[in-house]
Amino acid sequence: MTAQEALKVALRNVLGPNARSHGYKGSAPTWRKSNASGDWAVVNVQSSSWSTAERLRCVVNLAVAPEPWLRWQRERLGAGMPKSVTEYLGLYRERLHPAEAPAGTDGWWEVRDAESAVSAATDIVAQLEHAWWPVLDRLLTPGGMLQQVGNGDLGYMKRPNHGVFFASAGALLRMDQGPSDALEADLQTALDFCMPEQKENAEQFDAWVREQARRGAS
């Protein structure tokens with residue numbers, strides 16, 4: 001049995017049932033969950049491209065993509081928009097590492113055989129149960145993602161280093177409620193502090209969000 005086969009079996013037998021118990025659908029390496037609003041959560045087990053049949057390294061990517069964010073991605077990407085919601089389309093994105101990996105390091109699970117594959121899958125499930133299933137569920141609740149943006153935490157991205165991105169995200173999550181002072185503040189921040197070479201894109205985003213807000217108010 002190759003490392004790839006061992007991981008696939010372990011994910012199917014250990015992570016798959018756990019994901020389904022929390023309302024996720026799919027099979028290794030990706031499981032998804034959606035709500036009535038069209039928001040999506042994604043759990044993806046990524047294998048390293050440098051893996052071999054004898055030794056595989058993997059990591060877990062988590063993502064949540066709210067419907068307004070996906071609507072903007074469809075507008076932006078056009079025909080390039082994937083048919084299924086992928087992890088890299090998330091507004092919120094985070095990564096899980098082995099429990100024994102030092103904090104702040106990009107540790108990956110190593111799979112060599114069936115035993116190490118089951119150990120990796122068991123550690124993944126333990127971390128999801130302890131902390132991450134509740135986080136993903138909270139981000140799928142009404143207002144959950146907007147609160148997360150307000151907290152300045154989108155997983156990889158934190159507001160101190162990505163102020164324009166957070167302002168744009170806030171605008172997207174508010175636009176369907178119609179024009180408001182909060183929406184105006186987000187849009188103004190996104191315009192005022194964008195990089196000069198991004199000015200045209202920022203203006204296009206501003207116009208699109210304002211049109212969505214007008215529709216939301218009608």
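Starting from 1, each residue takes its place in the sequence as its number.
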K.L.:
Kindly give the heavy-atom pair with the smallest separation between Gly90 and Ala65, and that separation in Å.
P.N.:
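Looking at all heavy atoms of both residues, the closest pair is CA-CB, 4.1 Å.
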
K.L.:
Evaluate the side-chain proximity of Tyr88 to Pro82: yes if any heavy-atom separation is below 4.5 Å, no if none is.
P.N.:
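Yes, their side chains come closer than 4.5 Å.
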
K.L.:
Tell me which donor-acceptor pairs under 3.5 Å the side chains of residues 154-167 have, and how far apart each pair is, sequence neighbours excluded?
P.N.:
unit_1, atom_1, unit_2, atom_2, d
Lys158, NZ, Asp153, OD1, 2.7
Lys158, NZ, Gly155, O, 3.0
Arg159, NH1, Val149, O, 3.3
Arg159, NH1, Gly150, O, 3.3
Arg159, NH2, Gly150, O, 2.9

K.L.:
Using a strict threshold of under 4.0 Å (side-chain N to carboxylate O), is an ion pair present between Glu184 and Arg210?
P.N.:
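Judged by the 4.0 Å cut-off on N to carboxylate O distance, Arg210 and Glu184 do form a salt bridge.
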
K.L.:
Verify, without hydrogens or angle tests, whether Gln127 (side chain) and Ile124 (backbone) share a donor-acceptor contact under 3.5 angstrom.
P.N.:
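No, the answer is negative, given that no donor and acceptor are paired below the 3.5 Å cut-off.
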
K.L.:
Using the salt bridge (Lys or Arg N to Asp or Glu O under 4.0 Å) rule, take Arg32 and Glu87 through it: C-alpha gap first, then chi angles, then the decisive distance, then the call.
P.N.:
CA-CA 9 Å; Arg32 298 178 179 87; Glu87 174 274 331; over 6 Å; no

K.L.:
Any luck finding a side-chain donor-acceptor pair between Asp39 and Trp69 under 3.5 Å?
P.N.:
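Per modelled atom types, Asp39 and Trp69 side chains form no pair under 3.5 Å.
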
K.L.:
Under a 3.5 Å distance rule, please check whether Thr105 uses its side chain to pair with a backbone N or O of Ala101 as donor and acceptor.
P.N.:
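The answer is no, because no donor-acceptor pair under 3.5 Å joins these two groups.
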
K.L.:
Can you name the nearest heavy-atom pair linking Ala171 to Leu187, along with the distance?
P.N.:
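Shortest heavy-atom contact: CB-CD2, 3.7 Å.
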
K.L.:
Is Glu110 salt-bridged to Arg112, going by a charged N under 4.0 Å from an acidic O?
P.N.:
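Here Glu110 pairs with Arg112 in a salt bridge, since their nearest N and O are under 4.0 Å apart.
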
K.L.:
Passes salt bridge (Lys or Arg N to Asp or Glu O under 4.0 Å), Glu211 versus Arg214? Steps please.
P.N.:
CA-CA 5 Å; Glu211 176 59 27; Arg214 283 192 289 270; 3.0 Å; yes

K.L.:
I'd like to know if the side chain of His97 and the backbone of Trp108 have a donor-acceptor N/O pair within less than 3.5 Å.
P.N.:
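Pair absent, no side-chain N/O of His97 close to backbone of Trp108.
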
K.L.:
Check Ala121 against Ala10 and note the closest heavy-atom contact, atom names and distance.
P.N.:
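That would be CB-O, 3.9 Å.
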
K.L.:
Starting at CG of Asp123, measure out to CG of Leu15 and round the result to the nearest 0.5 Å.
P.N.:
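The distance works out to 11.5 Å.
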
K.L.:
Quick one: do the Arg71 and Gln212 side chains pair a donor with an acceptor below 3.5 Å?
P.N.:
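Yes - a donor-acceptor pair under 3.5 Å links their side chains.
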
K.L.:
Name the one of Thr52, Leu56, Val111 that satisfies side-chain contact (heavy atoms from CB on, under 4.5 Å) with Gln4?
P.N.:
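Exactly one candidate clears the test, Leu56.
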
K.L.:
Please say whether more than 12 non-hydrogen atoms of neighbouring residues, nucleotides or ligands are located less than 6.0 Å from NZ in Lys25.
P.N.:
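12 or below, so no.
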
K.L.:
What closest approach, in Å, do Ala202 and Ala190 show between heavy atoms, and which atom pair accounts for it?
P.N.:
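Closest approach of Ala202 to Ala190, heavy atoms only: CB-O, 4.4 Å.
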
K.L.:
Please round to the nearest 0.5 Å and tell me the distance separating atom NZ of Lys199 and atom SG of Cys194.
P.N.:
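These two atoms lie 4.5 Å from each other.
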
K.L.:
Between Gln147 and Arg138, does any side-chain donor sit less than 3.5 Å from a side-chain acceptor?
P.N.:
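Short answer, no.
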
K.L.:
Applying side-chain hydrogen bond (donor to acceptor under 3.5 Å, both in side chains) to Trp40 and Asn35, what does each step give before you reach the verdict?
P.N.:
CA-CA 7 Å; Trp40 287 86; Asn35 61 19; over 6 Å; no

K.L.:
Start with the C-alpha gap between Asp176 and Arg215, add the side-chain angles, then the distance that decides, and say whether salt bridge (Lys or Arg N to Asp or Glu O under 4.0 Å) holds.
P.N.:
CA-CA 8 Å; Asp176 289 340; Arg215 293 180 183 179; over 6 Å; no

K.L.:
Remaining members of Trp50's ILVMFWY cluster at a side-chain heavy-atom cut-off under 4.5 Å?
P.N.:
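Members alongside Trp50: none; it stands by itself.
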
K.L.:
I need the minimum non-hydrogen distance between Ser84 and Leu89, along with the two atoms involved.
P.N.:
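For Ser84 versus Leu89, the nearest heavy atoms are O-CD1, 4.3 Å.
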
K.L.:
If you measure only the distance, is there a donor-acceptor pair under 3.5 Å linking the side chains of Glu129 and His22?
P.N.:
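Looking only at side-chain atoms, His22 and Glu129 do form a donor-acceptor pair, the distance falling under 3.5 Å.
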
K.L.:
So, Gln148 and Asn151: side-chain donor and acceptor under 3.5 Å apart, yes or no?
P.N.:
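Note: Gln148 and Asn151 side chains miss the donor-acceptor criterion.
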
K.L.:
For residues Ser21 and Asn18, report the shortest heavy-atom separation together with the two atoms involved.
P.N.:
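Scanning both residues completely, I find the closest heavy atoms to be OG-O, 2.6 Å.
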
K.L.:
Can you tell me if Ser116 and Asp113 form a side-chain donor-acceptor pair at under 3.5 Å?
P.N.:
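On atom types as modelled, these side chains qualify, holding a pair under 3.5 Å.
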
K.L.:
Check whether any side-chain heavy atom of Met175 lies under 4.5 Å from a side-chain heavy atom of Pro68, and answer yes or no.
P.N.:
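Touching, per the 4.5 Å side-chain cut-off.
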
K.L.:
Do Gln73 and Arg76 get their side chains close enough for a donor-acceptor pair, meaning under 3.5 Å?
P.N.:
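Side-chain D/A pair, Gln73 to Arg76: present.
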
K.L.:
With Val42 as reference, evaluate Thr30, Thr86, Val64 under the side-chain contact (heavy atoms from CB on, under 4.5 Å) test and give the passing residue.
P.N.:
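That would be Thr30; it is the only one of Thr30, Thr86, Val64 passing the side-chain contact (heavy atoms from CB on, under 4.5 Å) with Val42.
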
K.L.:
How far does CD of Glu94 sit from CG of Leu62, to the nearest 0.5 angstrom?
P.N.:
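So the gap between those two atoms works out to 7.0 Å.
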
K.L.:
Test side-chain contact (heavy atoms from CB on, under 4.5 Å) on Val43 and Val60 and set out the steps.
P.N.:
CA-CA 7 Å; Val43 176; Val60 178; 4.1 Å; yes

K.L.:
Give, for atom CD of Glu203 and atom CG of Leu191, the distance between the pair rounded to the nearest 0.5 Å.
P.N.:
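Here the interatomic distance stands at 6.5 Å.
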
K.L.:
For the pair Arg93 (side chain) and Asn61 (backbone), establish whether a donor and an acceptor sit closer than 3.5 Å, ignoring hydrogens and angles.
P.N.:
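Checking the backbone N and O of Asn61 against the side chain of Arg93, no donor-acceptor pair under 3.5 Å is found.
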
K.L.:
Would you indicate whether Glu200, at its atom CD, is surrounded by more than 12 heavy atoms from other residues, nucleotides or ligands within a distance under 6.0 Å?
P.N.:
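Open.
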
K.L.:
Name the orientation class of the two ring planes belonging to Trp208 and Trp72 (parallel below 30°, tilted from 30 to 60°, perpendicular beyond 60°).
P.N.:
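Tilted.
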
K.L.:
What's the verdict on side-chain contact (heavy atoms from CB on, under 4.5 Å) for Leu136 and Lys33, showing C-alpha distance, side-chain angles and the deciding distance?
P.N.:
CA-CA 9 Å; Leu136 297 177; Lys33 180 179 180 178; over 6 Å; no

K.L.:
Quick one: OG on Ser51 to CD on Gln46, what's the gap to the nearest 0.5 Å?
P.N.:
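The CD atom of Gln46 is 9.5 Å from OG of Ser51, to the nearest 0.5 Å.
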
